[in-house]
Every structure is written in C-alpha cells, then in structure tokens.
Chemist: 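Structure provided below as structure tokens; questions to follow.
Proteins come first, then strands; the chains are lettered A, B, ... in the order of their sequence lines, and each starts at number 1.
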There are 2 protein chains.
Amino acid sequence: MSARGGSPTIVDVAREAGVSIKTVSRVLNHEPGVHESTRDAVLKVVEALRYRPKQSARSLAGGRSFLIGLLYYDPSAAFVGSVQQGATVRCRELGYHLVVESLHNDAPDLRQQIDRMVLALRPDGMILTPPLCDNPEVLAALRENGTPCVLMSPERDIVGVPSVRMDDVHAAEEITNLLISLGHRRIALIKGPPDQSASAARQQGFVNALQAHDIAVDPELMQPGSFTFDSGRDAAHQLLSRRQRPTAVFASNDDMALGVLAAAQRLGLSVPGELSVAGFDDSPTAALVWPALTTVRQPVAEMARTAVEMLVFGHKSELAPGDDGELHKVLAHELVVRDSTRAG
Amino acid sequence: MSARGGSPTIVDVAREAGVSIKTVSRVLNHEPGVHESTRDAVLKVVEALRYRPKQSARSLAGGRSFLIGLLYYDPSAAFVGSVQQGATVRCRELGYHLVVESLHNDAPDLRQQIDRMVLALRPDGMILTPPLCDNPEVLAALRENGTPCVLMSPERDIVGVPSVRMDDVHAAEEITNLLISLGHRRIALIKGPPDQSASAARQQGFVNALQAHDIAVDPELMQPGSFTFDSGRDAAHQLLSRRQRPTAVFASNDDMALGVLAAAQRLGLSVPGELSVAGFDDSPTAALVWPALTTVRQPVAEMARTAVEMLVFGHKSELAPGDDGELHKVLAHELVVRDSTRAG
DNA sequence: CTGAAAGCGCTTACAG
DNA sequence: CTGAAAGCGCTTACAG
C-alpha cells in the first residue's frame, strides 16, 4: 500500500486522494471548512488503505497523547475491574486509550513512578482511585507537572480538583429504610474503620433513617468493624449473643456482611428467617453465597465513564468562586435486594 | 529548565552536559561505547533536569512504542486484575507501559477495534486472555498486522504462537490426591462445561489420581456442571441425595464449589465434618466464605509477568522444526488448603 | 569513543 | 475552502 511497503501514512492518503496532507489531517480531525466532496474522497481513500494516523506522530506534533492514565493500588480487584470496564469503553468511543499503572500507596519511589509515567507518556489526563486519590504526595506530583486528574470516590473533595462519587449517606439511608419497611425495629449496624470517610457516611445514613422513623438509636447495636470478613464475624458474634438480639444487621460493607452470615450459621440462626442481613458494595461474592446478599451497588463503571468524559471534554472552569458546579459529580447508586433480607 | 520553558528535551540535556544529543541518547539507551566520565556527566544533568525521554518521539523515530497491549473480555474481574498486577509491575521494571482494552468476544466490529488499537498505538506486543486468545478472528487480525502476541491460558496451544499456562491436569490430580490422603474414597467430581478444555483437563487429573490409588472411577459420582454457582448447587443436590453419598466433592471451579457449600447447608450437612469440598481457581470469594475453600491457585500474575518478558525479550525463534522449546511455558500452581476439607 | 545529518508521521501556525 | 513550510523530540544509519 505505502510507498515503502510499510503501513500507509498520511502522505500516501494525500497522494491517492489528490489533496495535501493538511486536508487529510483536517478530515481526520473533523475540522470544519472542508468541502464535502473533498471529505468524501479522502475518507474513501482512508477506508481503502485502512489508514489510521499513528498516535506517536500525532502526539509529538500536536501535544496531545490521546492517552488516559489509570492509577490504582488494588483496593479490590472488583472495583478496579469495573473502573476499567467503564473507562476503556468510553475511551474507545472517544478515540482515546487507557494506560494502567498499579502503584503501592506507600512505595518509597512513588514520586518517581508517577514522574516516569507522566513525563514519558504525557497522558492527557489521569484517573485516580482510592486510596491513591487521597494521597497528598500523588496529588502534588501530578499537579506539579500539570496533568489533569479526576478523583474517583475520594475521602473528601478538594477544591478545584474534579471528582466523581456516589452518595454513601443516602444509600445507607435507603438500605436501612428497606429494613425498617420490612418491619425490623432492632436493627444493628456494623461500622467501618474510623479512618475511612465512607464509614462515617454510612453510619450517618443509618442513623438518619432510624431517626426519621422515630426509632431510638441504641449505641449497643452499633459495633465497630474494619471492613474485613473477620471483623464482621466477630461483631456479629457480639451482637447475636445479646439477651435481646437484633432482627436485622446492616454491615457497612459486603465482606463484613459475609462474616455476619458465617456467624449466624455457626450459631444456628437462619438467614433471613431469624435474621436479615444487608451489606454494601455488591461485591462479586455477594451474589455467590446463600442466601445472596441484599446490598448497594456503587455505579463504578459509570463513575469511570464520567471521569473519562471530564478529562476529555474538560469541565467548566469559569465558575464563580465557591461554585464548584460540575467539578464534583455524584452518581446514582442502586439498591440490590436479594435473599438475605425478609420481614421480621 | 528548557530553552522555551516547557519540559526539558534531549537538546537541553546535551547542551548542559556539553555533548551531542546522540551521546545523550546512547547513555539513556544503555548503548555500549560511551566513556564512563561522559556517561556520568550526562546522567548528572539528566538527574538535575529531571529529564525523561518522550515516548512519542522515541516511538516515532525508533519504531518501538514501549507499549504492551492487554486485550481481555472480562472472564472474571479477579483474573484480569491479577493479570494486570503482574503485567504492570513487570512493564514498569522493563520501562514499558500497559495499555488495556476490553473487547466483546462476539462484537461485530471486533476486527476494527483491534485494528484501531494496533495501528494507532503500535504496541510492541499484545497479551491475550481467554476467551479472546482462542478467537481465530482476533488472532488473524493481529497476525496480519504483525503484532507479536502471547496467549494466556489458551484452550490449546498454536504452533508458533507463544503462550503461558498452568498444568490443569496435574493440579486436579494433586487436589484429588489431597482428598485421598485425607482418607476419602467416595469422591465426587463436578465437571466443567464440555466446550472448555480446562474441564477435560481437570477431569483427567481427577481420574488419574483415583486410578493411581486403585480407586474405582464411579461414573455416578461424576456430575456435569457449567462453572456456575447454580450448576454446582444442582449437581451437589443430585450427589448428596444418593443412598450412598460421597464424603468429598471436587468441584472443577470455585463458583461451583460455593454451590456445593450452599447445597450442603440446605441439606443440613456440615462441611467439613460430614463432607469435604474442594474447588479450583482460588477466587476472591473462596477465602470469604465459611468454611473457607480448599482450592488451587493459578499463578496468574506470574503468567502475566512471563508474558511481558516473552514480548520484550522475544523468544528463541531458531528452533528445530517441531521443537517449540520455550514458546509454550507452563508455570507452577499452588495448592491452597483451607477449612473445607478434612479427614473423612 | 563521539557527532552531524536525515527522517520518523503527524499538527501547528501562516498564507492564499 | 486548500496548501507549503516548519517543527515536535527523538533514533537510525553513516562518518570519523
């Protein structure tokens, strides 16, 4: 196809179409001001030659890499998997590509690892997942070399830095409301670790729901946990061995809810017959146990799609002071009602 | 730093170090034949300027992109997550970057999606995971535009195409041996779907182990399954309602083993007290249920590391006909013994 | 052991 | 609406 036998270049297309390379470039980049017949002729040749502009040349000349970086430190394979699913699909639709890099949140050479990626690849933007999106060192490194970022579910929003998240408070409120609507009154909460903001948010939602229904908040029914299976099991043992045990437990995440299931099984308590259990996250395991867990699904893939869009299209930067406008997006979650909850 | 205020370029480094850009290039690419004092001087400037060669320029001039592509169609988030973990780390060590693309195995524009990635990015190599690594269309597209590939756990090896896998037969044999050594004699197998080669391999290993111990292979104890939770639960109900039920069940994957656990629980059978259960895969869920599953861990991250190495370093292509030598690598798996198996 | 020149394949100003 | 020129920042031959 090409003059020298390799893949066709923009020169080959231009020659074949009888136009200048500049015109080919205009057509390919959807620039306005090209006569339709010219455009058609060019596109026909592009098609025939199966021509694709080379990213490295575009990047070098144009200063855009069409690369989006995804930085993560495996919080859970499922989370990253969904992020990627959403991000790669949206990238493809927009003509971008996703480069992933897994870092250790406490690696000594974190800064260098980031520099290496950013300075070598010059991604047009970066998506950060927890806990990296809350790491000051990471944020500083990226800000210094001017790479636009979007934070996914950060602990707290940062003024001027775009983010996407779900509403943990509201979701926890909804799932607690579900338990209440099922007739439960003695509802226990297994909390998350205090150093994660999601813990406080979910607890807040839980308390909100109880108060809205005039149900007393019993501190005895709020057990600490650490988002692990074991901590959930231990907390459940505490709760279920009380003289007046709860009829429902809301665990702040699925792993702990699985621990509750295990504890109930040990104690010979039937779920959901004698105890309703709800989790949070819709982890892959949630649907693979018996009874399948009622839980909340985070819109992770959608958050990732949104993050890509914010990076590619930019965001309104002309906002009044204090008006973060579209900078911090909150996406709708989904209540997933399965077999672990029942009227009680 | 730079002459024009942007990031420093090779010209800035050369000027500062008092050498030609060619010498800087030599140092950065570890080419031999540079005087040590010259090398040191260059490296010092590189350090001071925090200079990193721009990938797009290197790629355009040198014909190598330092990009490895990972093509997948979510077989399971856990698998892809481990692949990525291993691949990104090894890429970083070798100065490469990982670009991921999630495809649909039966997408109508599969060919275009691949062309788009390959022709635009020109990755130096591509890693394919199941089921894409067994898709003739995918393989043909990649072969046509000359992109080197490594197949991860393909159904069957292809002559001339590098692959990395584990030994399913041997692993199944080992886990069956474990059950036998625990004293079990009536051991059931829940098979995988016939269209996946892993199913046959795991069954083969199961049979091998029984025969090696002179235990009769009872066809009644080999139930069909389809690698899903439900199929495992159904098969277990069949097996456990027999007059003479098995004392151990080897499910060909973890999802089905979880189904067995659910079935046993329904039937009031204690695991591992009255029934031992073993799975295969070491899925994230395997450790998050009670009792935690005894299973086999695939060396997924290691396979990914190996795949990257095969792509970066190439493989011996000067082999005698028929001798695939290092082209098809088999990595060691790991038996993970947990709580679901016990003497019986 | 070191360097000057050409070129990779695009896009960006700048003209017309 | 279209094009000729310059240049992005490197590496590849080719010299010396």
Chemist: A/H35 has an atom NE2; how far is it from atom P of D/dC1, in whole Å?
Modeler: 7 Å
Chemist: Holding to salt bridge (charged side-chain N to carboxylate O under 4.0 Å, His left out), I want the full list of residues that pass it with B/D109, two or more places apart in sequence or in another chain.
Modeler: none
Chemist: Holding to side-chain contact (heavy atoms from CB on, under 4.5 Å), I want the full list of residues that pass it with B/V89, two or more places apart in sequence or in another chain.
Modeler: A/S102, B/Q85, B/R92, B/E93, B/R305
Chemist: Tell me which one of B/C133, B/P148, B/C149 satisfies side chain to side chain contact (heavy atoms under 4.5 Å, CB included) with B/M126.
Modeler: B/C149
Chemist: Please state how far atom CD1 in A/I10 lies from atom C1' in C/dG7, giving the value in whole angstrom units.
Modeler: 16 Å
Chemist: What pairs with A/E309 under salt bridge (charged side-chain N to carboxylate O under 4.0 Å, His left out), at least two apart in sequence or on another chain?
Modeler: A/R90
Chemist: Using the test salt bridge (charged side-chain N to carboxylate O under 4.0 Å, His left out), find all partners of B/E302 that sit at least two apart in sequence or belong to another chain.
Modeler: B/R297
Chemist: Calculate the interatomic distance between A/K54 atom NZ and C/dG9 atom P; express it in whole Å.
Modeler: 5 Å
Chemist: Taking side-chain contact (heavy atoms from CB on, under 4.5 Å) as the definition, give me every residue that meets it alongside A/D134, ordered by chain and number, with sequence neighbours left out.
Modeler: A/P154, A/E155
Chemist: What's the CZ-C1' distance between B/R15 and D/dG9, to the nearest Å?
Modeler: 14 Å
Chemist: Can you tell me how far CG of A/L331 sits from CE of A/M152, rounded to the nearest 0.5 angstrom?
Modeler: 9.0 Å
Chemist: Check the distance between D/dG9's P and B/R58's CZ and give it to me in whole angstrom.
Modeler: 15 Å
Chemist: Measure from CZ on B/R64 to P on C/dG9 and round the result to the nearest Å.
Modeler: 17 Å
Chemist: It should be established whether A/T9 places a side-chain nitrogen or oxygen under 4.0 Å from OP1 or OP2 of nucleotide C/dG9.
Modeler: no
Chemist: Please list, one pair per line, the donor and acceptor atoms closer than 3.5 Å that link side chains of residues 33-42 of chain B to other protein atoms, with sequence neighbours excluded.
Modeler:
from: B/R39; atom 1: NH2; to: B/E31; atom 2: O; distance (Å): 3.3

Chemist: Round to the nearest Å and state the distance from B/Q55 atom CD to D/dC8 atom P.
Modeler: 18 Å
Chemist: Applying salt bridge (charged side-chain N to carboxylate O under 4.0 Å, His left out), name anything that partners B/E144, two or more places apart in sequence or on another chain.
Modeler: B/R111
Chemist: If you pin B/P32 and B/A61 to their nearest nucleotides in DNA chain C, which one's is more 5'?
Modeler: B/P32
Chemist: Given atom CG of A/L121 and atom C1' of D/dG9, what is their separation to the nearest angstrom?
Modeler: 15 Å
Chemist: As a test of your reading of the structure, name each stem of DNA chain D as range with range, where a stem is three or more consecutive Watson-Crick or G-U pairs at under 3.5 Å.
Modeler: C:1-3 with D:14-16, C:5-12 with D:5-12, C:14-16 with D:1-3
Chemist: Pairs in or reaching into residues 112-164 of chain B: which pass ring-ring contact (aromatic ring centres under 6.0 Å, His included), with residues at least two apart or in two chains?
Modeler: none
Chemist: Considering heavy-atom distances to DNA chain C, does B/A57 or B/V19 have its closest nucleotide positioned more toward the 5' end?
Modeler: B/V19
Chemist: Show which side-chain atoms of residues 51-59 of chain B pair as donor or acceptor with protein atoms under 3.5 Å away, not counting sequence neighbours.
Modeler:
from: B/Q55; atom 1: NE2; to: B/S65; atom 2: O; distance (Å): 2.9
from: B/R58; atom 1: NH1; to: B/N29; atom 2: OD1; distance (Å): 2.8

Chemist: In residues 36-47 of chain A, which ones come under 4.0 Å of DNA chain C, going by heavy atoms?
Modeler: none
Chemist: I need the residues from residues 21-31 of chain B with at least one non-hydrogen atom less than 4.0 Å from DNA chain C; give them sorted by number, or say none.
Modeler: B/K22, B/T23, B/R26
